[in-house]
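Below is one structure; the comments refer to it alone.
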Amino acid sequence: MTKILVIEDDAAVRDNIMDTLEAAGFQVIGAANGHIGLDSFQKQIPDLVLCDVLMPDTNGYEVLKAIRKDQRTTTVPFIFLTARIERSDQRAGMELGADDYVTKPFTQHELLSAIETQLRKRNTIASKYETALHALRKNIVYALPHELRTPLSHILGHAELLKMDAATMPRGEIESMADAIIKGGTRLHRLIENYLVYAQIEIMSSNHSEIEGLLNHVIKDAASVISDAVARKAEEYNRPNDVILELETAAIRISHENFTKIIEELVDNAFKFSEPGKIIHIKSNKHEHQYSIGLRDYGRGMDKEQVQQLGPYMQFDRAFYEQQGLGLGFTIAKRLIELHGGKIEIKSMPNKGTLVHICFPI
Amino acid sequence: MATILIVDDDQSTQLLMRRMLGHLDVEIVGATRCSDALRLASELVPDVILMDILLPGSHENGWTTAKTIRDDPQLKHIPIIIVSAVNIIKNSTTEHQYEGYFQKPFQVRDLLDCIRALVKD
């Protein structure tokens, strides 16, 4: 049953509210002042608090401050009951973390609908967190070990074979086993680096001064950074002839390292999801206020649902279940673009290909 | 000559297993999808199946494919070895169902010994 704590020093008003709430099916705890209210709060942790503002000793603001200080209870909905209607007072309460104000005198309907709104809001937030947490948990418990162990098994397996057979193995075979070890190591290395980069981005994205710091860098010739990054990837995939570049240049506010990372990850996906021989078309344009880049491949593409699933958590799943690492690289690129004030858009059709369009402010 | 079916969607893992099986006098067939695995299992009736768990396709995986083979009267005698990078949780229902459980990264020698023993039988 939903538990509501009513902190109100006027006994008549308190009883009246408690009767109303009990009649509406809530479990109600009454407290005659702020001090008792805080005490009941700690002991019973209610689902919602109704609290008078003006009370002797511990007033409503002090109660709210104490509740919001505690990490475990920062999200418990808190509604002030007040005779005051000054906007500046309301502001003060909202800034401390109040969710709503109900002005006395109020009708039963007004009180109940304010409560319902807050409870609904809390449930929506809770279920959203629950979904995200579930996906993250699944990722850590299930997908991450899989993705780490697979290339590690190539390294250890080939090393063990080399050790078993080195004496009798032809040179060519030894070399190809060494290649497999290098390939496994490179795959593992890239995954670990991307994980670290992703973690760093997530930490950074909650820190304003670090985000501002990102914009302290400028690259003067974006086109040359793009063509270098594309050339490296084309070589890696052995597809130098599949690339068409049509680049205009501009100066943009981003570090060389971050811009390269964005381009590399997006180009990598274009190569990965299209067959050798299919063209990858990269075009950039300088406009008055922005620099836009379009990457088009003619590969396998995605349907609408798959494009939508490219959210921060789902894409991990996709990445791991399909073992292609689309998700993590794409997430990193997307987050970096957004942190630099840019935008990314995807248009894709199954078996027709994918167009990724990004733009940065200039 | 005994036939071994390798079911694994990862090409590099297939390659590693082929090289490993070079130590035995066996014929090797590979499948990267559940549907191919089932088709090859009934066409060739291999002597041992090495089964990965996480395979493409949202409704099927290595467990369901292994179970389908176990439930088929023509195929249920084929020994199945589970080889997977996910945490293999053995419970009372799966523990004795399959002839081997190997988590990647596996010891090549141990897996070879397991296969060798099954091929000899």
Side-chain angles (χ1 to χ4, degrees), chain A residues 137-170 172-188 191 272 300 303 305-306 309 314 316-326, chain B residues 4 6-26 28 30-34 50-65 81-89 100-116:
Chain A
R137 220 180 275 135
K138 219 163 92 179
N139 171 20
I140 291 168
V141 174
Y142 206 58
L144 179 58
H146 178 266
E147 202 63 1
L148 292 172
R149 282 173 184 148
T150 300
L152 185 61
S153 74
H154 304 156
I155 299 170
L156 291 175
H158 280 102
E160 197 183 338
L161 282 173
L162 272 178
K163 192 166 183 216
M164 280 163 77
D165 306 331
T168 55
M169 224 181 239
E173 211 172 313
I174 293 176
E175 277 172 7
S176 92
M177 294 230 179
D179 280 340
I181 293 174
I182 292 169
K183 207 172 144 195
T186 308
R187 181 167 155 189
L188 195 55
L191 183 79
K272 206 179 318 187
R300 74 167 83 142
D303 60 29
E305 196 188 336
Q306 287 171 315
Q309 281 185 350
M314 289 308 291
F316 275 124
D317 282 353
R318 272 184 58 74
F320 290 121
Y321 292 144
E322 298 189 0
Q323 293 196 19
Q324 283 141 349
L326 164 81
Chain B
I4 314 275
I6 305 169
V7 186
D8 199 307
D9 63 326
D10 186 274
Q11 293 295 349
S12 303
T13 304
Q14 289 256 358
L15 184 65
L16 170 65
M17 288 186 165
R18 281 170 187 274
R19 285 177 170 155
M20 174 187 83
L21 292 171
H23 281 260
L24 306 177
D25 189 20
V26 292
I28 303 160
T32 56
R33 309 177 146 273
C34 298
L50 301 178
M51 182 70 76
D52 184 23
I53 296 301
L54 226 51
L55 295 165
S58 49
H59 302 298
E60 284 178 313
N61 61 34
W63 289 122
T64 56
T65 309
I81 301 175
I82 306 287
V83 188
S84 177
V86 298
N87 295 328
I88 296 174
I89 299 157
Y101 298 86
F102 286 82
Q103 188 172 290
K104 295 174 192 168
F106 51 84
Q107 294 263 317
V108 168
R109 196 177 293 275
D110 292 349
L111 182 53
L112 272 178
D113 286 347
C114 180
I115 298 167
R116 205 178 273 127

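These values consider heavy atoms only, across backbone and side chains, with no hydrogens, waters or symmetry-generated copies. First the proteins, then the strands, lettered A, B, ... as listed; each starts at 1.
Within the model, atoms CG of A:L148 and NZ of B:K104 stand 13.5 Å from one another, a figure rounded to the nearest 0.5 Å. Once rounded to the nearest 0.5 Å, the distance linking CZ of B:R109 with CG of A:L161 reads 10.0 Å. To the nearest 0.5 Å, atom CD of residue A:E160 and atom CZ of residue B:F106 are 8.5 Å apart.
A pairwise comparison of heavy atoms in B:A85 and A:R149 identifies O-NH1, 2.8 Å as the closest pair. Shown here for A:K183 and B:S12, the closest heavy-atom pair between the two residues is NZ-OG, 3.7 Å. The two residues A:S153 and B:L16 have their closest heavy-atom pair at O-CD2, 3.5 Å.
Contact annotation for B:L111: neither backbone nor side-chain heavy atoms come within less than 4.5 Å of a heavy atom of chain A. Proximity to chain A is limited to the side chain of B:Q103, based on heavy atoms less than 4.5 angstrom apart. The parts of A:L152 that come within reach of chain B are both its backbone and its side chain, each placing non-hydrogen atoms under 4.5 angstrom from that chain.
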Pair A:M164-B:L112, side chain to side chain contact (heavy atoms under 4.5 Å, CB included): steps then yes or no: CA-CA 12 Å; A:M164 280 163 77; B:L112 272 178; 4.0 Å; yes
Candidate pair A:R187 and B:D10, rule salt bridge (Lys or Arg N to Asp or Glu O under 4.0 Å), full reasoning: CA-CA 13 Å; A:R187 181 167 155 189; B:D10 186 274; 3.0 Å; yes
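Contacts between residues 174-182 of chain A and chain B, counted as heavy-atom pairs separated by less than 4.5 Å, involve A:S176, A:M177, A:A180.
Residues A:D165 and B:H23 meet the side-chain proximity criterion, which asks for heavy atoms closer than 4.5 Å.
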